[in-house]
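First the structure, in the form of C-alpha cells, and then the observations on it.
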Amino acid sequence: MAEQLKLVAQTKQERYAELFPQLKSVVEGESDGVANMANLAACLMEAFRFWWVGFYRVVDEELVLGPFQGPLACTRIRKGRGVCGKAWEVARTIVVPDVDKFPGHIACSSVSRSEIVVPVIVDDKVTAVLDIDSCELDAFDETDREWLERMVAEVATLL
Ligand code: SME
C-alpha cells in the first residue's frame, strides 16, 4: 500500500484520474470495510479538501454514521430522509447544487452549501452511501459524479 498520496495535477478531472489507481491500491488487499471506508474518506479529503467526506452504512434499515473526515455529524438517518436517505431509497447518486433548495435536507453543519451522495451498491442492494459536502454553492458536477461513482463501484465489495 502506498504510504502517501502523490497528487500533482491541478484540474479536478486530472486529480481524480491521478487519485483513482492510488485509491485502488490503498484498499486492495484489505478486507475490513471500516478500515477501507476510513482510508477512502482520508484520500478524498486530502485530494480535494472538501468540507466533509464520509460514509453512512445501512444497519438494520437505517443509515448509521461510518468513517468520515470533517466536523461532527448526525449519527442516524432514516430511509428517504435528507439527501443521504433519498440516495439510499432511489439507489442513485444525488447532486445537490444548493442544499437550502433540497426539501428535507439534513443540516449537520450550517456551513455546508452543496452536496453529493453516491450509493454503494453490492448485489443490487445499497450497503452504504458516500456523502460529500462543500461549503461552496454548486461545487459538484458531472466530473465528480462520474469519478466518484467509478471509485465507489470499483471498491464496493471491499466496503
Ligand atoms: N446533509 C445530509 C446529512 C449528512 S451530513 O451532511 C454529514 C443529508 O441531508 O442527508
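The figures that follow rest on heavy atoms only: side chains count, while hydrogens, waters and symmetry mates do not. Counting starts at 1 for both ligands and their atoms, following the listed order.
In terms of N/O distances under 3.5 Å, ligand 1 is not approached by Cys74. For ligand 1, one of its N or O atoms has an N or O atom of Val83 under 3.5 Å away. The N/O atoms of Tyr56, backbone and side chain alike, include none that comes under 3.5 Å of an N/O atom in ligand 1.
In this structure the side chain of Thr93 reaches within 4.5 angstrom of the side chain of Pro119, judged on heavy atoms. Leu19 has its side chain within reach of Met151: a pair of non-hydrogen atoms, C-beta onward, lies under 4.5 Å apart.
We find the OH-CG distance between Tyr16 and Asp144 to be 3.5 Å, quoted to the nearest 0.5 Å.
Within the 4.0 Å heavy-atom criterion, neither part of Lys86 lies near ligand 1.
Atom numbering of ligand 1 starts at 1 in the shown order; those under 4.0 Å from a heavy atom of Trp52 are 7 (C). Within ligand 1, the atoms closer than 4.0 Å to a non-hydrogen atom of His105 are 1 (N), 9 (O), numbered from 1 in the order shown. Residue Glu115 has at least one heavy-atom neighbour below 4.0 Å for each of these atoms of ligand 1: 1 (N), 2 (C), 6 (O), 8 (C). Distances below 4.0 Å separate heavy atoms of Cys108 from the following atoms of ligand 1: 3 (C), 4 (C), 5 (S), 7 (C).
At a threshold of 4.0 Å, the pair Lys24-Glu154 counts as salt-bridged, since one of the basic side-chain nitrogens sits closer than that to a carboxylate oxygen. A salt bridge does not link Arg113 to Glu136: none of the charged side-chain nitrogens sits closer than 4.0 Å to a carboxylate oxygen.
The shortest contact between atom 7 (C) of ligand 1 and any protein heavy atom is with Asp131 OD2, 3.5 Å. Here the protein heavy atom with the shortest distance to atom 3 (C) of ligand 1 is Ile106 O, 3.6 Å. Nearest non-hydrogen protein atom to atom 6 (O) of ligand 1 is Asp133 OD2, 2.8 Å.
Crowding of Glu142 atom CD: a count of heavy atoms from other residues, nucleotides or ligands under 6.0 Å exceeding 12.
Taking the six-membered ring for Trp, Phe48 and Phe140 have ring centres at least 6.0 Å apart.
In the model, Trp51 has a side-chain atom that pairs as donor or acceptor with a side-chain atom of Ser109 under 3.5 Å.
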